[in-house]
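Have a look at the structure below before the remarks.
Starting from 1, each residue takes its place in the sequence as its number.
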Amino acid sequence: MLDDKTAENAMQIILHAGDARVHCMNALKAIEKSDFELAKEEIKLANNEIVKAHHIQTNTISGETQGEPSDYSVLFAHAQDTLMTIYSEINIAKRMIKIFEVYDARLAKLEKIEKENDHEKCTNRIS
């Protein structure tokens with residue numbers, strides 16, 4: 001039978017990880033709009049939530065390693081799975097911000113060159 005403390009810890013992990021996922025998804029939406037500052041802010045918020053979830057997990061596991069009695073819990077296993085899945089999503093979103101910042105900068109540079117070339121062509125026609 002699942003003890004109340006383990007159940008509470010599992011639910012807190014799921015809660016914080018879920019909040020982290022919301023921020024991660026907001027970051028991905030910001031990336032779609034090339035709003036990298038907002039994406040970075042959302043990733044910071046996601047990271048703060050996932051760290052809270054990780055601390056709860058670590059404290060729970062530490063108690064078990066120090067001899068506190070513990071039974072297997074499907075709910076706690078689900079919480080750990082949720083935590084690690086969302087942690088992975090955050091890591092991918094962090095990388096996507098960097099990738100799309102570079103991509104966006106390269107596009108802006110190409111657009112500037114194209115605009116300069118178009119301006120030069122117009123100037124040559126006038127001359």
Side-chain angles (χ1 to χ4, degrees):
M1 182 173 166
L2 180 63
D3 66 90
D4 290 343
K5 181 134 176 81
T6 302
E8 181 182 337
N9 287 344
M11 294 307 294
Q12 287 297 314
I13 291 168
I14 292 167
L15 173 80
H16 288 296
D19 289 345
R21 177 175 271 158
V22 169
H23 290 297
C24 185
M25 291 301 123
N26 289 342
L28 292 171
K29 290 174 185 174
I31 292 169
E32 288 176 6
K33 297 175 183 173
S34 296
D35 189 345
F36 303 115
E37 293 308 312
L38 177 59
K40 289 175 186 177
E41 184 59 35
E42 288 291 342
I43 285 296
K44 283 181 189 175
L45 295 171
N47 198 61
N48 290 342
E49 290 297 324
I50 211 71
V51 166
K52 290 176 188 176
H54 190 264
H55 283 304
I56 295 166
Q57 173 191 251
T58 301
N59 291 339
T60 303
I61 293 170
S62 293
E64 186 176 331
T65 62
Q66 294 172 1
E68 291 179 20
S70 173
D71 292 325
Y72 176 77
S73 164
V74 173
L75 180 61
F76 193 76
H78 169 65
Q80 288 180 299
D81 183 52
T82 301
L83 167 66
M84 295 313 297
T85 299
I86 297 167
Y87 185 72
S88 294
E89 292 173 4
I90 292 168
N91 283 334
I92 291 168
K94 286 178 182 178
R95 177 54 67 201
M96 289 181 73
I97 291 170
K98 291 178 182 179
I99 290 168
F100 280 96
E101 280 180 319
V102 170
Y103 179 76
D104 199 56
R106 290 176 74 185
L107 276 178
K109 186 176 180 181
L110 288 172
E111 288 170 349
K112 181 180 177 186
I113 291 169
E114 186 177 325
K115 187 176 181 181
E116 289 170 355
N117 288 342
D118 287 347
H119 178 71
E120 188 177 307
K121 287 177 186 176
C122 287
T123 305
N124 288 341
R125 286 185 199 151
I126 296 172
S127 303

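Within a 6.0 Å sphere centred on CG of Asp4, other residues, nucleotides and ligands contribute 12 heavy atoms or fewer. Annotation for Phe100: atom CZ does not count as buried by contact number, only 12 or fewer foreign heavy atoms lying within 6.0 Å. The 12-atom threshold is exceeded at CZ of Phe76, counting heavy atoms of other residues, nucleotides or ligands nearer than 6.0 Å.
Note on Val22: it does not cluster hydrophobically with Met84, by side-chain heavy-atom contacts below 4.5 Å among ILVMFWY residues. Residues Met25 and Ile97 are members of one and the same hydrophobic cluster, defined by side-chain heavy-atom contacts under 4.5 angstrom among Ile, Leu, Val, Met, Phe, Trp and Tyr. Tyr103 and Phe36 fall within a single hydrophobic cluster, where Ile, Leu, Val, Met, Phe, Trp and Tyr are joined by side-chain heavy atoms under 4.5 Å apart, directly or via other members.
In this structure, Thr82 has no side-chain hydrogen bond (donor to acceptor under 3.5 Å, both in side chains) partners at least two apart in sequence or on a different chain.
Summarising the geometry, atom NZ belonging to Lys112 is positioned 12.0 Å from atom CG belonging to Asn117; distances are rounded to the nearest 0.5 Å. For the atom pair Thr60 OG1 and Glu68 CD, the distance stands at 9.0 Å (nearest 0.5 Å). To the nearest 0.5 Å, the span separating CG on Leu75 from CD on Glu8 amounts to 11.5 Å. Note that CD1 of Ile14 and NE2 of His78 are 4.0 Å apart. Values are rounded to the nearest 0.5 Å. To the nearest 0.5 angstrom, Glu42 atom CD is 10.0 Å from Leu28 atom CG. Once rounded to the nearest 0.5 Å, the distance linking CG of Leu83 with OG of Ser88 reads 9.5 Å.
Closest of all the heavy-atom pairs between Asp35 and Leu38 is OD1-N, 3.2 Å. Contact between Gln80 and Ile61 at its shortest, heavy atoms only, is NE2-CD1, 3.5 Å. For the residue pair Ala79 and Ala10, the shortest heavy atom distance occurs at CB-O, 3.5 Å. In this structure, Ala53 and Ala17 approach most closely via the heavy-atom pair CB-N, 4.1 Å. What you find for Asp104 and Ser34 is that their closest heavy atoms are OD1-OG, 3.6 Å.
Sorted by first and then second residue, the salt bridge (charged side-chain N to carboxylate O under 4.0 Å, His left out) pairs with a member in residues 81-101 read Arg21-Glu89, Lys40-Glu101; sequence neighbours excluded.
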Atom pairs and distances, donor-acceptor, side-chain atoms in residues 43-52, under 3.5 Å, two or more places apart:
{"unit_1": "Asn48", "atom_1": "ND2", "unit_2": "Lys44", "atom_2": "O", "d": "3.4"}
{"unit_1": "Glu49", "atom_1": "OE1", "unit_2": "His16", "atom_2": "ND1", "d": "2.8"}
{"unit_1": "Glu49", "atom_1": "OE2", "unit_2": "Lys52", "atom_2": "NZ", "d": "3.4"}

